[in-house]
Amino acid sequence: MLEVIGLSKKYGKTLAADDVNFAVPDGKIGILLGPNGAGKSTVIKSIAGLLRYQGAIRIQGMDARSLEAKKCFAYVPELPYLYDALTVREHIEFIIRAYGACVSEDEIGELFERFELADKQDKLGNELSKGMMQKVSICCALVIKPKVILLDEPMVGLDPMAIKELKGVILDLAGQGCTVLISTHMLEMVKELWDVTFVMDKGHILGTYARESVADEDLEALFFSVTGQAKPSDQDGR
């Protein structure tokens, strides 16, 4: 379970996140939606431990900053970063050792096959395209078998087959009891994935919606309704 409690963060005089509260239960997929500048990145980076903040964040009931919480938490950033001098295989091995994870060769091979990296294992980080780097970043997150996983715009830069596989992986993770939180503004990419959606704008959570409570309203319509923004087609007069 992931819990965000009274999260606030200032940059100078700008309040990027203002008393943000939400929770994603075990086995559920949460979507954090919001336009550019809504405060999503601040929330995501706070959960990932990249920012100091006021409030509390709990992972499986533990303080997110504790070592035990970090051991069961995985993060896929919007912009993948790989070490130039490590191969794809070495990135995976580094993460396994850092987390002390128990992973078989078959499990590593299955990940590589699923994301079309089996023939890229010996390539260095600086030899990969952005899409390939994103795939490696996703595999590094998945290989530790997290109980909570956070994905920030995870489908940007991926080819259609990789997007399909990632969606399948996300559904599999939830089915295994993992907590999933996805931050995105690409509504069409996640419309079939979510269990609960948090709509954010101007540093606030404007609304929390369970899928079953908005059965007659699609995710895009919900987003524009809550944020008060006009759809692009409305703005164009169509």
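The residues of the chain are indexed from 1 along the displayed sequence.
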* Got a sec: does the CZ of Arg114 have more than 12 other heavy atoms crowding it under 6.0 Å? -> yes
* Mark yes or no for whether Asn21, through its side chain, and Gly6, through its backbone, hold a donor-acceptor pair below 3.5 Å. => yes
* Between Val20 and Gly203, what is the shortest heavy-atom contact and its length? -> CG2-O, 3.6 Å
* So do Val196 and Thr208 actually touch side chain to side chain, heavy atoms under 4.5 Å? -> yes
* Could you tell me whether a side-chain N or O of Asp195 sits under 3.5 Å from a main-chain N or O of Ile29, the two making a donor and an acceptor? => yes
* With under 30° as parallel and over 60° as perpendicular, where do the rings of Tyr83 and His91 fit, or are they tilted in between? -> parallel
* Structure fact -> Test side chain to side chain contact (heavy atoms under 4.5 Å, CB included), reference Thr184, set Lys40, Met155, Met189, Glu153, output is Glu153
* Supply the atom-to-atom distance Gln121 CD to Thr87 OG1, rounded to the nearest 0.5 angstrom. => 8.0 Å
* To do: Determine, step by step, whether Phe115 and Leu142 satisfy the side-chain contact (heavy atoms from CB on, under 4.5 Å) criterion, reporting the C-alpha distance in whole Å, the side-chain angles of both residues, the deciding distance to 0.1 Å, and the verdict.
  => CA-CA 11 Å; Phe115 287 94; Leu142 295 175; 4.0 Å; yes
* Do side-chain atoms of Ser46 reach the backbone of Thr42 as a donor and acceptor pair under 3.5 angstrom? -> yes
* Structure fact -> Residues at least two apart in sequence or cross-chain that pass ring pair (Phe, Tyr, Trp, His ring centres under 6.0 Å) with Phe22, listed by chain then number, are Phe198
* Structure fact -> Taken to the nearest 0.5 Å, the spacing of Lys135 NZ from Leu111 CG works out to 13.0 Å
* Provide the closest heavy-atom pair for Leu181 versus Ile31 in the form atom of the first, atom of the second, distance. => CD1-N, 4.3 Å
* Asked: Do the side chains of Leu79 and Lys130 get nearer than 4.5 Å, heavy atoms only?
  -> yes
* Minimum heavy-atom distance between Thr179 and Val24, given as atom pair plus value -> CG2-O, 3.4 Å
* **Between CE on residue Met62 and NZ on residue Lys71, distance to nearest 0.5 Å** => 10.0 Å
* Are any of the side-chain heavy atoms of Ile59 and Cys72 separated by less than 4.5 Å? -> yes
* Less than 4.0 Å between a side-chain N and a carboxylate O, is that true for Lys191 and Glu220? -> no
* Asked: Roughly how far, to the nearest 0.5 Å, is the CG atom of Leu128 from the CG atom of Leu82?
  -> 6.5 Å
* Below 4.5 Å, heavy atoms only, C-beta onward: do Tyr75 and Pro146 meet side chain to side chain? -> no
* **Leu32 and Met200, any side-chain heavy atoms less than 4.5 Å apart** => yes
* Closest heavy-atom contact between Phe112 and Val88? -> CE2-CG1, 3.8 Å
* side-chain contact (heavy atoms from CB on, under 4.5 Å) assessment of Leu151 paired with Ser183 -> CA-CA 6 Å; Leu151 304 105; Ser183 174; over 6 Å; no
* Asked: Rounded to the nearest 0.5 Å, how far apart are CE of Met132 and NZ of Lys120?
  -> 4.0 Å
* Smallest separation among heavy atoms of Ala141 and Val76, with atom names -> CB-CG2, 3.5 Å
* **Validation row: Lys145, Glu107 side chains within 4.5 angstrom (heavy atoms)** => yes
* Heavy-atom neighbours of Lys9 NZ exceed 12 at 6.0 Å -> yes
* **Ile44 and Glu78, any side-chain heavy atoms less than 4.5 Å apart** => no
* Would you indicate whether the side-chain heavy atoms of Leu158 and Ile138 approach each other to under 4.5 Å? => yes
* Output the distance between atom CG (Leu171) and atom CD (Gln176), rounded to the nearest 0.5 Å. => 11.0 Å
* Asked: Under 4.0 Å between a Lys/Arg side-chain N and an Asp/Glu carboxylate O for Arg89 and Glu105?
  -> yes
* Decide if atom CD of Glu127 counts as having more than 12 heavy atoms of other residues, nucleotides or ligands within a radius under 6.0 Å. => yes
